[in-house]
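Positions are given from 1, in the same order as the sequence printed here.
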Amino acid sequence: MTVIKINHTNAEELAIVKNIRAKVFVEEQNFSPDEDNDGKESECEHFLAYDDETGHPVATGRLYIHDNLGKVQRICVLKEGRGKGFGREIILAIEKSAKEDQLDGLYLSAQEHAVLFYEKLGFVATSGERYLDIGGIWHVDMEYKIPVYS
């Protein structure tokens with residue numbers, strides 16, 4: 001698999017990202033299209049994973065940076081790519097970018113079914129409280145402290 005960081009001004013690649021998100025969030029999870037379109041695309045770093053065997057894009061995610069922290073958002077994998085490590089590679093690419101940007105840490109709002117996935121990657125729930133968020137899906141806030149090596 002290949003994960004690339006794309007430029008938000010590349011309309012073709014951003015269209016691929018939005019198409020993956022529409023399939024996962026809108027079609028599968030019944031989000032309204034407006035819930036995914038928050039107007040922050042140009043403020044985020046976007047990541048796109050390709051299946052090297054098929055050449056098809058199968059996963060995406062984005063990183064919104066503010067106050068020297070990164071909010072991990074819109075992590076999704078198409079059905080045909082699930083269970084193959086694409087989500088993990090997107091998160092690792094985001095972590096690498098966050099280290100390069102010298103961010104203090106990452107945080108996210110995890111869909112409850114994905115909490116274990118994020119825990120395996122070093123994220124920790126910031127409270128035991130779950131809450132309903134976009135799409136009426138239970139979420140848990142999590143954070144990740146970026147390791148500092150000397």
Side-chain angles (χ1 to χ4, degrees), residues 1-6 8 13-51 56-149:
M1 77 186 61
T2 302
V3 177
I4 61 170
K5 184 164 132 176
I6 65 170
H8 69 270
E13 288 178 332
L14 196 54
I16 293 169
V17 163
K18 288 184 174 190
N19 184 50
I20 292 171
R21 289 180 3 202
K23 286 180 180 177
V24 174
F25 296 132
V26 178
E27 293 174 24
E28 290 180 30
Q29 297 183 349
N30 298 313
F31 288 25
S32 79
D34 292 339
E35 288 174 313
D36 183 45
N37 298 318
D38 63 1
K40 292 185 178 174
E41 300 299 345
S42 65
E43 300 172 47
C44 297
E45 295 179 0
H46 297 269
F47 299 82
L48 189 56
Y50 286 86
D51 183 328
H56 295 143
V58 295
T60 188
R62 75 181 195 184
L63 178 63
Y64 174 67
I65 300 171
H66 64 94
D67 299 329
N68 213 46
L69 293 171
K71 184 171 186 183
V72 178
Q73 301 176 309
R74 309 301 197 268
I75 305 300
C76 60
V77 180
L78 294 175
K79 284 181 185 177
E80 61 265 26
R82 292 183 191 149
K84 298 178 182 177
F86 290 103
R88 179 181 184 278
E89 292 303 314
I90 289 283
I91 295 296
L92 293 177
I94 288 173
E95 177 190 358
K96 180 181 179 203
S97 182
K99 285 178 183 175
E100 290 168 358
D101 293 338
Q102 298 181 346
L103 300 182
D104 293 329
L106 299 171
Y107 69 101
L108 55 82
S109 177
Q111 292 185 3
E112 192 171 46
H113 70 86
V115 168
L116 183 59
F117 165 77
Y118 290 113
E119 286 177 340
K120 288 179 181 177
L121 291 167
F123 284 81
V124 177
T126 55
S127 76
E129 301 292 323
R130 65 183 190 142
Y131 55 93
L132 283 175
D133 201 3
I134 296 175
I137 297 172
W138 289 104
H139 283 68
V140 175
D141 288 336
M142 303 184 82
E143 64 183 17
Y144 175 80
K145 180 72 175 158
I146 296 174
V148 178
Y149 302 103

K.L.:
So with a 6.0 Å cut-off around NZ of Lys96, is the heavy-atom count from everything else above 12?
P.N.:
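No, the 6.0 Å shell around NZ holds no more than 12 heavy atoms from other groups.
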
K.L.:
Roughly how far, to the nearest 0.5 Å, is OG1 of Thr126 from CE of Met142?
P.N.:
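Going from the CE atom of Met142 to the OG1 atom of Thr126 covers 8.5 Å.
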
K.L.:
Once you round to the nearest 0.5 Å, how far does CG of Asp101 lie from CD of Glu45?
P.N.:
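Result: 4.5 Å between the selected atoms.
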
K.L.:
Mind checking what makes salt bridge (charged side-chain N to carboxylate O under 4.0 Å, His left out) contact with Glu112, not counting sequence neighbours?
P.N.:
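Salt bridge (charged side-chain N to carboxylate O under 4.0 Å, His left out) check on Glu112 returns Arg130.
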
K.L.:
Please give me the minimum heavy-atom distance between Ile137 and Phe31, naming the atom from each residue.
P.N.:
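Here Ile137 and Phe31 meet closest at CD1-CE1, 3.6 Å.
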
K.L.:
Holding to side chain to side chain donor-acceptor pair (under 3.5 Å), I want the full list of residues that pass it with Glu13, two or more places apart in sequence or in another chain.
P.N.:
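Side chain to side chain donor-acceptor pair (under 3.5 Å) list for Glu13, sorted by chain: Asn10.
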
K.L.:
Under the side chain to side chain donor-acceptor pair (under 3.5 Å) test, which residues partner Tyr144, sequence neighbours left out?
P.N.:
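Counting only residues at least two positions away or on another chain, Tyr144 forms a side chain to side chain donor-acceptor pair (under 3.5 Å) with Glu95.
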
K.L.:
How many angstroms lie between atom CG of Leu92 and atom CG of Leu121, to the nearest 0.5 angstrom?
P.N.:
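Atom-to-atom, Leu92:CG and Leu121:CG are 6.0 Å apart.
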
K.L.:
If I compare all heavy atoms of Ile20 with all of Cys76, which pair ends up nearest, and what's the gap?
P.N.:
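That closest heavy-atom pairing would be CG2-SG, 3.8 Å.
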
K.L.:
Keeping to residues at least two apart or across chains, list the side chain to side chain donor-acceptor pair (under 3.5 Å) pairs with something in residues 79-90.
P.N.:
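Pairs touching residues 79-90 that pass the test: Glu28-Arg82.
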
K.L.:
So, for Ala110 and Val115, which heavy atoms are closest and what is the spacing to 0.1 Å?
P.N.:
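Closest approach of Ala110 to Val115: CB-CG2, 4.2 Å.
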
K.L.:
Go through the structure and list residues passing side chain to side chain donor-acceptor pair (under 3.5 Å) with Asp38, not counting sequence neighbours.
P.N.:
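Asp38 satisfies side chain to side chain donor-acceptor pair (under 3.5 Å) with Arg62, Arg74 once adjacent residues are dropped.
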
K.L.:
Quick check: do Ile75 and Leu108 have side-chain heavy atoms less than 4.5 Å from each other?
P.N.:
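Answer no - side chains too far apart.
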
K.L.:
Any side-chain heavy atom of Trp138 within less than 4.5 Å of one from Leu132?
P.N.:
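Of all side-chain heavy-atom pairs linking Leu132 with Trp138, at least one is under 4.5 Å.
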
K.L.:
For Cys44 and His46, which heavy atoms make the closest approach, and how far apart are they?
P.N.:
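Smallest interatomic distance, heavy atoms only, reads O-CD2, 3.4 Å.
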
K.L.:
Got a sec: does the CD of Glu100 have more than 12 other heavy atoms crowding it under 6.0 Å?
P.N.:
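Yes, enclosed.
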
K.L.:
What heavy-atom pair brings Ala49 and Val3 nearest, and what distance separates the two atoms?
P.N.:
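Smallest heavy-atom distance, with atoms named: CB-CG2, 3.8 Å.
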
K.L.:
Can you list every ring pair (Phe, Tyr, Trp, His ring centres under 6.0 Å) pair that touches residues 73-115, not counting sequence neighbours?
P.N.:
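Of all non-adjacent pairs touching residues 73-115, those that pass ring pair (Phe, Tyr, Trp, His ring centres under 6.0 Å) are His66-Tyr107.
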
K.L.:
For a quick test of reading the model, state the closest non-hydrogen atom pair linking Ile146 to Ala98 and the distance between them.
P.N.:
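Residues Ile146 and Ala98, closest heavy atoms: CD1-CB, 3.6 Å.
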
K.L.:
Quick one: does any side-chain atom of Thr60 pair with a main-chain N or O of Phe47 as donor and acceptor, under 3.5 Å?
P.N.:
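Yes.
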
K.L.:
Roughly how far, to the nearest 0.5 Å, is the CG atom of Leu106 from the CD1 atom of Ile94?
P.N.:
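Reported to 0.5 Å precision, the distance equals 8.0 Å.
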
K.L.:
Going by heavy atoms in the side chains, are Val140 and Tyr118 under 4.5 Å from each other?
P.N.:
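The answer is no; the side chains never approach within 4.5 Å.
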
K.L.:
Given Gln73 and Lys40, is the side-chain contact (heavy atoms from CB on, under 4.5 Å) satisfied, shown in steps?
P.N.:
CA-CA 11 Å; Gln73 301 176 309; Lys40 292 185 178 174; 5.6 Å; no

